[in-house]
Amino acid sequence: MTVRTPDPDPADDGRDPLEGLTGIGHELRVPGANPGWLSDVELLEARRHLPILYVEAVPVRTDGTGAVTDVGILLRATPMGEITRTIVSGRVRYGETVRDALFRHLENDLGPMAFPMLPPQPTPFTVAEYFPIPGVSAFHDDRQHAVSLAFVVPVTGTCEPRQDALEVTWLTPEEAQSAELSAEMEGGRGTLVRQALASVGALR
């Protein structure tokens with residue numbers, strides 16, 4: 001999966017996190033903290049034992065008949081200073097619906113004015129399995145075993161990437177399925193983009 005800058009904890013209001021701690025069993029909780037938020041240490045421990053659930057989205061623009069005219073590919077910098085191509089991606093939090101997770105990551109990566117058009121009942125076009133060992137599937141993530149629900153999502157507004165996304169490049173379906181682009185995409189996501197195009201009848 002993509003190496004992402006963690007989303008800010010919505011409960012983080014700038015106060016001392018040790019202020020007002022209360023103990024529950026052997027755990028410490030901050031009153032009012034988001035129970036679905038994992039610290040870096042907790043996330044690392046979870047990745048050692050459990051598959052992590054993600055949502056991914058291929059943003060597209062469509063014409064008046066609903067046919068895909070453009071595909072949005074993100075340019076992202078990793079913490080190691082590498083520049084790579086990818087798509088919208090992120091974890092599903094505990095207690096969060098798939099719809100809410102999908103909308104949150106679309107807004108995080110594309111900006112609040114992207115105006116994604118989510119269907120009444122989001123259904124993924126595929127389920128991608130990422131493994132830390134290369135060759136187990138078409139998708140690879142050396143950090144973890146992850147299961148990703150992948151969606152094609154039309155956007156109608158202006159995309160202004162935020163967080164660690166540097167820009168969004170709009171390509172024609174023909175350009176998006178090219179071998180050249182696939183070679184630039186991380187973790188096997190070129191395959192995922194082609195599967196997305198096939199699911200909407202835009203693969204040539």
Side-chain angles (χ1 to χ4, degrees), residues 1-7 9 36-60 71-106 108-110 122-153 161 163-166 168-169 171 173 176-200 202-203:
M1 306 295 291
T2 182
V3 179
R4 300 175 51 82
T5 300
D7 302 329
D9 186 346
W37 181 257
L38 293 177
S39 69
D40 291 343
V41 173
E42 290 171 326
L43 179 58
L44 180 61
E45 188 65 18
R47 282 172 166 161
R48 289 175 177 166
H49 300 284
L50 300 168
I52 306 297
L53 180 62
Y54 279 72
V55 290
E56 295 188 283
V58 178
V60 299
V71 180
I73 303 296
L74 295 175
L75 186 68
R76 176 169 285 141
T78 72
M80 302 300 294
E82 299 172 341
I83 302 298
T84 186
R85 298 279 184 180
T86 190
I87 57 177
V88 174
S89 176
R91 297 192 305 273
V92 179
R93 292 175 178 166
Y94 177 81
E96 183 178 43
T97 66
V98 168
R99 169 187 289 281
D100 287 345
L102 190 56
F103 186 86
R104 176 170 60 86
H105 288 297
L106 283 161
N108 283 346
D109 282 350
L110 302 181
T123 302
F125 66 83
T126 193
V127 176
E129 294 185 84
Y130 292 81
F131 291 91
I133 302 172
V136 178
S137 76
F139 309 105
H140 171 251
D141 181 352
D142 58 11
R143 302 171 303 159
Q144 63 188 340
H145 175 196
V147 177
S148 174
L149 308 179
F151 301 83
V152 175
V153 180
Q163 294 196 10
D164 56 346
L166 302 177
V168 58
T169 304
L171 306 174
Q177 61 192 266
S178 69
E180 291 77 12
L181 179 69
S182 183
E184 295 179 11
M185 300 197 72
E186 60 182 3
R189 283 185 176 82
T191 297
L192 201 62
V193 170
R194 290 193 294 272
Q195 289 177 342
L197 293 171
S199 74
V200 294
L203 186 66

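Numbers for residues simply follow the sequence, beginning at 1.
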Return the minimal non-hydrogen interatomic distance between Ser89 and His105, and the atom names on each side. O-ND1, 3.9 Å
Would you say Ile73 and Val193 make side-chain contact, with heavy atoms under 4.5 Å? yes
Over all atoms of both residues, closest heavy-atom pair of Thr191 and Ser182: N-OG, 4.4 Å
On a heavy-atom basis, which atom in Ala196 and which in Val152 lie closest, and how many Å separate them? CB-CG2, 3.7 Å
Supply the atom-to-atom distance Arg99 CZ to Phe151 CZ, rounded to the nearest 0.5 angstrom. 9.5 Å
I'd like to check Arg91 versus Leu53 (side-chain heavy atoms, cut-off strictly below 4.5 Å). Are they in contact? no
Atom OG1 in Thr86, atom CE in Met185: separation rounded to 0.5 Å? 5.5 Å
I'd like to check Leu166 versus Ile83 (side-chain heavy atoms, cut-off strictly below 4.5 Å). Are they in contact? yes
In terms of heavy-atom contacts, does CZ of Phe103 have more than 12 from other residues, nucleotides or ligands at under 6.0 Å? no
What's the separation between atom CD in Glu45 and atom CD in Glu42, rounded to the nearest 0.5 Å? 10.0 Å
Could you go step by step and tell me if His145 and Ile52 meet the side chain to side chain contact (heavy atoms under 4.5 Å, CB included) rule? CA-CA 7 Å; His145 175 196; Ile52 306 297; over 6 Å; no
Minimum heavy-atom distance Ser137-Glu129, with the two atoms named: OG-O, 2.6 Å
When rounded to the nearest 0.5 angstrom, what distance separates CZ in Arg76 from CD in Glu186? 7.0 Å
What orientation do Tyr130 and Phe139 show, parallel under 30°, tilted 30 to 60°, or perpendicular over 60°? tilted
Val60 and Leu197, any side-chain heavy atoms less than 4.5 Å apart: no
Quick one: closest heavy-atom pair of Glu56 and Leu192, and the distance? OE1-CD2, 3.4 Å
If you round to the nearest 0.5 Å, how far is CD1 of Ile87 from OG of Ser148? 7.0 Å
Side-chain (Gln177) to main-chain (Pro173) donor-acceptor, under 3.5 angstrom: yes
Got a second to check how far Leu102's CG is from Tyr54's OH, nearest 0.5 Å? 15.0 Å
Which atom pair, heavy atoms only, marks the closest approach of Val168 to Pro161? N-CG, 3.5 Å
